[in-house]
Amino acid sequence: MTTLTLATRWNPIDWPLTHGPIPYAVLAAGWVALLALCLGRERSWWRFRLPAALITAAALSLLLGVVVDGWWHPFPEGTPRYVTWWVAVALLGFCLAGYRMRRLSWPRRGLALGLSGLVLLMAASEVNIGFGQFPSGRVMLAPWLTRTDDTVAVKVAQTLSARPGQVLDEVWQPPANLPDKGTVSVVPIPGTRSGFKARDAYVYLPPAYQATPRPMLPVVVMLSGQPGVPGDWVLAGQINEALDAFAAQHGGLAPIVVMPDQLGSTWANTLCLDSKIAKVQTYLAVDVPNWIQRNLQAASGRKSWAIGGASMGGTCALQLGVNAPDVYGIVLDMSGQEEPTLGTRADTVKAAFGGDGAKFDAVDPLHVMARRRFPDTSVALVVGETDTEFRPQMEKVYQAVQAAGMKAKFELMPGSHGWVVFRPGIVQQIPWLAQQTGLTR
């Protein structure tokens, strides 16, 4: 639960949107608005127009379900039921307003549209509560409030590394003028080897990166879910704030975090494989590391490099951990799937490998781990305790990583699937990532 400080209690953009009085007020206003739209004085309303509105809303909801989950299919697991329900409620509000329009004067038409708007606001609020995308107005406005740079610091500085048997914070002495916060930059990472056309990546550099001598910090590559954008971990996940808080307790030290694009567009699903769709495994295992090594002063070696992500991004992280173990020695899989998927295995194999199941099995994490051991890889699996879709899959993955000899841990978080789990989850796992990558003891 978010605790408001004295400074934020008086700032409306910091008031919580997923719990407390605001969502309850929106819920109450929405149901009152829907009830008002349902009521009418005329007999024709009850006999014809109200039933017509109900039938129209139901038909539109079914049609939308067919288009989204049957034809478009942007979500491999299908649209969550609670989202489908609240979309239907919103459609009902607009249908009720629409069937009133012909018999109302213009001022009352505006009132009907306003009531339907309240119903829509209620539906959006309830979906936001379920997914946790916007815990406050500040997070909702993050694309406009978050300060980013168009370049990263490329100035070469004298460096500091830990000696064998030590961790970095045991040899690091923060200078007096160290800044309080890290920087967030938005930069292109070209697909030089892969040919993948990626959107610009986000890069977080902690306060210690701005010091001289510069500590050779570990690298964490974080991937968004699908649909998603590279900036999700900053804009919705507030990972920069979590890293700044960690750095404040460790003399400015925190991992360098690079958030590249593995999708190509918001709704695309590349499966993070080298396939007919795109060569995204090469992008994440070759192009992104090469860019980091050319442009940043960072620690090298698989023991200093981690890859993580949430939902489809978590699936990707595990894939890279087993298919590119020479690059990434640490994996953070948050609410991932048991295998990369476009909905069904048949659809996935057909789209990615032209129906060749053997090629899919050669890179599918469960198949790879069944025939190969990874005793030098550490993995953390995190999932919502009420996530009925992904928790069973993560439990299956946990058994597989244990059988493959990985140093594994499995943790449950309150909540289901979404930022309600991912946001506090990354706060909880940053210390683990720091320990695994040699930053702290």
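For clarity, every value in this text was computed on a predicted model and none was experimentally measured.
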Is there a donor-acceptor contact under 3.5 Å linking the side chains of [X] and [Y]?
| X | Y | result |
| --- | --- | --- |
| Glu339 | Gln393 | no |
| Gln402 | Lys407 | no |
| Gln436 | Ser378 | yes |
| His250 | Asp169 | no |
| Thr192 | Asp287 | no |
| Asp347 | Thr344 | yes |
| Trp419 | Gln133 | yes |
| Thr159 | Gln297 | no |
| Gln226 | Gln262 | no |
| Ser136 | Asp14 | no |
| Thr377 | Arg302 | yes |

Minimum heavy-atom distance between [X] and [Y], given as atom pair plus value:
| X | Y | result |
| --- | --- | --- |
| Gly251 | Trp172 | O-NE1, 2.8 Å |
| Gly30 | Val119 | O-CG2, 3.8 Å |
| Pro206 | Gly252 | CB-O, 3.8 Å |
| Pro207 | Asp244 | CD-OD1, 4.4 Å |
| Lys303 | Ile330 | O-CD1, 3.5 Å |
| Ala362 | Asn323 | O-OD1, 4.1 Å |

For [X], is the [atom1] atom crowded, meaning more than 12 foreign heavy atoms sit under 6.0 Å from it?
| X | atom1 | answer |
| --- | --- | --- |
| Arg345 | CZ | yes |
| Lys409 | NZ | yes |
| Asp326 | CG | yes |
| Arg81 | CZ | no |

For a 4.5 angstrom cut-off between non-hydrogen side-chain atoms, does [X] reach [Y]?
| X | Y | result |
| --- | --- | --- |
| Trp291 | Pro260 | no |
| Val229 | Thr266 | yes |
| Leu284 | Gln281 | no |
| Asp200 | Val187 | no |
| Ile129 | Ser125 | yes |
| Tyr204 | Ser185 | no |

Nearest 0.5 Å, what's the [atom1]-[atom2] distance between [X] and [Y]?
| X | Y | atom1 | atom2 | value |
| --- | --- | --- | --- | --- |
| Trp233 | Ile426 | CH2 | CD1 | 5.0 Å |
| Asp274 | Thr270 | CG | OG1 | 10.0 Å |
| Thr348 | Ile277 | OG1 | CD1 | 8.0 Å |
| Leu168 | Leu160 | CG | CG | 6.0 Å |
| Trp267 | His73 | CH2 | NE2 | 13.0 Å |
| Leu64 | Leu91 | CG | CG | 6.5 Å |

Backbone N or O of [Y] within a donor-acceptor pair of the [X] side chain at under 3.5 Å?
| X | Y | answer |
| --- | --- | --- |
| Ser224 | Asp232 | no |
| Arg423 | Ala236 | yes |
| Ser116 | Leu113 | yes |
| Asp69 | Thr79 | yes |
| Thr315 | Ser311 | yes |
| Tyr283 | Ile189 | yes |
| Asp261 | Ala198 | no |
| Asn290 | Val286 | yes |

_Parallel, tilted or perpendicular, as decided by the 30° and 60° cut-offs, for the rings of His417 and Phe422_ = perpendicular
*Evaluate the ring planes of Trp305 and Tyr328, with Trp represented by its six-membered ring, and classify them as parallel (under 30°), tilted (30 to 60°) or perpendicular (over 60°).*
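Ring orientation, 0 to 90° scale: tilted.
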*Could you check Arg441 against Glu170 for salt bridge (Lys or Arg N to Asp or Glu O under 4.0 Å), going step by step and ending with a plain yes or no?*
CA-CA 8 Å; Arg441 181 65 65 187; Glu170 292 174 342; 3.0 Å; yes
*Can you check side chain to side chain contact (heavy atoms under 4.5 Å, CB included) on Met413 and Val383, steps first, answer last?*
CA-CA 6 Å; Met413 296 288 295; Val383 69; over 6 Å; no
_side chain to side chain contact (heavy atoms under 4.5 Å, CB included) between Asn128 and Trp86, worked out_ = CA-CA 11 Å; Asn128 182 52; Trp86 285 111; over 6 Å; no
*Does Arg214 count as lying over the ring of Tyr209, i.e. NZ or CZ under 6.0 Å from the six-ring centre, within 45 degrees of the axis?*
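Verdict for Tyr209: a cation-pi partner in Arg214.
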*side chain to side chain contact (heavy atoms under 4.5 Å, CB included) between Cys38 and Leu96, worked out*: CA-CA 7 Å; Cys38 287; Leu96 289 168; 3.6 Å; yes
*Passes side chain to side chain contact (heavy atoms under 4.5 Å, CB included), Leu412 versus Phe410? Steps please.*
CA-CA 7 Å; Leu412 295 174; Phe410 182 90; 3.7 Å; yes
*Do Trp85 and Tyr82 have ring centroids that are under 6.0 Å from one another?*
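Ring centroids of Tyr82 and Trp85 are no less than 6.0 Å from each other.
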